[in-house]
Number of protein chains: 2
Amino acid sequence: MGLTKSAIFTEEQNHLARMAKVLAHPARVAILQYLVKVNQCICGDLVHEIGLAQATISQHLRELKSAGIIKGNIEGTSVCYCIDAEVWQDVQQLFDGFFNINSTSQSDDCC
Amino acid sequence: MGLTKSAIFTEEQNHLARMAKVLAHPARVAILQYLVKVNQCICGDLVHEIGLAQATISQHLRELKSAGIIKGNIEGTSVCYCIDAEVWQDVQQLFDGFFNINSTSQSDDCC
DNA sequence: ATTGTATATTGCAATATTACGATTAACAAA
DNA sequence: TTTGTTAATCGTAATATTGCAATATACAAT
């Protein structure tokens, strides 16, 4: 096999897993942190900043874009990337909701 | 290639990515949600609840355990699993910190 | 000792991810 | 038009993940 059985899970579970997967690589975390810091940048900046090949950075940018968490505007010969603030907040709330489904008794002990 | 270059990233970036990877599968999300709800359970419960093979659930449990987010106590012939509340809170704060590194001007527009 | 229950591990096939060189495409400037 | 810059895409190799049947391990009960 080797193919996730999405059908047996809820929409919420699949969505959270999808967004977590976007954050599941340090390069994508680094890209997002840099974008938050500088507000906007082009692919070449990230190649410099992070130290991976241009093709690799471009691939990570595509994944971030396909998840909707960043946007890219064509600006002459370069592409200007920035965070999609609305999606960012949605994802933030998604994780926040997940971590705050505290059970009545938050016991630490098994059995 | 095909191997993440962890050395060029910060500890924080690697750690966040590692924790995100744990949440990057709906089965593991489902296991954690179930554990939070019922406080503790055994592997067989999850096989029933989720609908994946026993070997597959066991594998996901091992990943969750190796990340430290759950604990397993041997209880006779079965193993009782529960959330590690301390690690859970650490991970919660890790994500919270990541999503709250708001830049001064949270502009939505590129260039 | 044998049987049953519960879980971990092994081995394997299918698929996905990561990384990068090489190439392509789009545009700007000379 | 030619040259340079920027970024996307293609192709490929190395590695990782997912899922499960089969097997192994551990213990409880008969």
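Keep in mind that the numbers below use all heavy atoms, side chains included, and drop hydrogens, waters and symmetry copies. The chains referred to below are lettered A, B, ... by the order of the sequence lines, with proteins before strands, and numbering in each begins at 1.
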* At under 4.0 Å between heavy atoms, what does B/S78 touch on the DNA or RNA strands: base, sugar-phosphate, or nothing? -> sugar-phosphate
* Compare side-chain N and O positions of B/K21 against OP1 and OP2 of D/dA16 and report whether any pair is under 4.0 Å apart. => no
* May I ask you to say what A/L52 touches in the nucleic acid, namely base, sugar-phosphate or nothing, with a heavy-atom cut-off under 4.0 Å? => sugar-phosphate
* To do: In whole angstrom, give the distance that lies between atom CG of A/L46 and atom C1' of C/dA19.
  => 16 Å
* Give a yes/no answer on whether the side chain of A/H60 brings an N or O atom under 4.0 Å of OP1 or OP2 in C/dA19. => yes
* **B/Y81 side chain near C/dA6 phosphate (N/O to OP1/OP2, under 4.0 Å)** => no
* To do: Check the pair B/N100 / A/Q92 against side chain to side chain donor-acceptor pair (under 3.5 Å), numbers first and verdict last.
  => CA-CA 9 Å; B/N100 280 312; A/Q92 176 171 28; 2.9 Å; yes
* **Atom-to-atom span, CD1 of A/I8 to P of D/dC20 - whole angstrom** => 8 Å
* Give a yes/no on whether any side-chain N or O of B/S58 is located under 4.0 angstrom from OP1 or OP2 of C/dA8. => yes
* Structure fact -> By nearest-heavy-atom nucleotide on DNA chain D, the more 5' of A/C43 and A/S6 is A/C43
* Side-chain donor/acceptor of B/Q54 to base of C/dA6, under 3.5 Å -> no
* Answer with base, sugar-phosphate or nothing: what part of the nucleic acid does B/A55 contact at a heavy-atom distance below 4.0 Å? => base
* Are B/T56 and D/dT18 close enough that a side-chain N or O sits under 4.0 Å from OP1 or OP2? -> no
* To do: Indicate whether OP1 or OP2 belonging to C/dT9 is found under 4.0 Å from a side-chain N or O atom of B/R62.
  => yes
* Structure fact -> Separation of D/dG19 atom C1' from B/I50 atom CD1, nearest Å, is 14 Å
* To do: Please determine, for the side chain of B/T77, which listed nucleotide (C/dT5, D/dA7, C/dC27) has the closest atom?
  => C/dT5
* Gap between atoms CD1 and P, on A/I42 and C/dA28 respectively (whole Å) -> 14 Å
* To do: Answer with base, sugar-phosphate or nothing: what part of the nucleic acid does A/E75 contact at a heavy-atom distance below 4.0 Å?
  => nothing
* To do: Step through the shown structure and confirm whether more than 12 heavy atoms of other residues, nucleotides or ligands are within 6.0 Å of CD1 on B/I8.
  => yes
* Taking the six-membered ring for Trp, are A/W88 and B/F98 ring centroids under 6.0 Å apart? -> yes
* **Min side-chain heavy-atom separation B/E63-B/K21 under 4.5 Å** => no
* Asked: Nearest-Å distance, CZ (A/R28) to P (C/dT17)?
  -> 8 Å
* Asked: When you look at B/R28 and B/L23, which way does the side-chain contact (heavy atoms from CB on, under 4.5 Å) test go after all the steps?
  -> CA-CA 6 Å; B/R28 292 193 289 272; B/L23 303 180; over 6 Å; no
* To do: Mind checking B/I74 for me? I need base, sugar-phosphate or nothing, with any heavy atom below 4.0 Å counting as a touch.
  => nothing
* Closest to side chain of B/T4, choosing from D/dG19, C/dA19, D/dC20 -> C/dA19
* To do: Could you state the atom-to-atom distance from CD of A/E63 to P of C/dA16 in whole Å?
  => 13 Å
* C/dT5 P sits how many Å from B/D45 CG, rounded? -> 16 Å
* Asked: What integer distance in Å separates B/L3:CG from D/dA14:P?
  -> 12 Å
* More than 12 foreign heavy atoms under 6.0 Å from CD of A/E12: is that the case here? -> no
* Go through the N and O atoms of the side chain of A/Q59 and the base of C/dC20, and report whether any donor-acceptor pair is under 3.5 Å. => yes
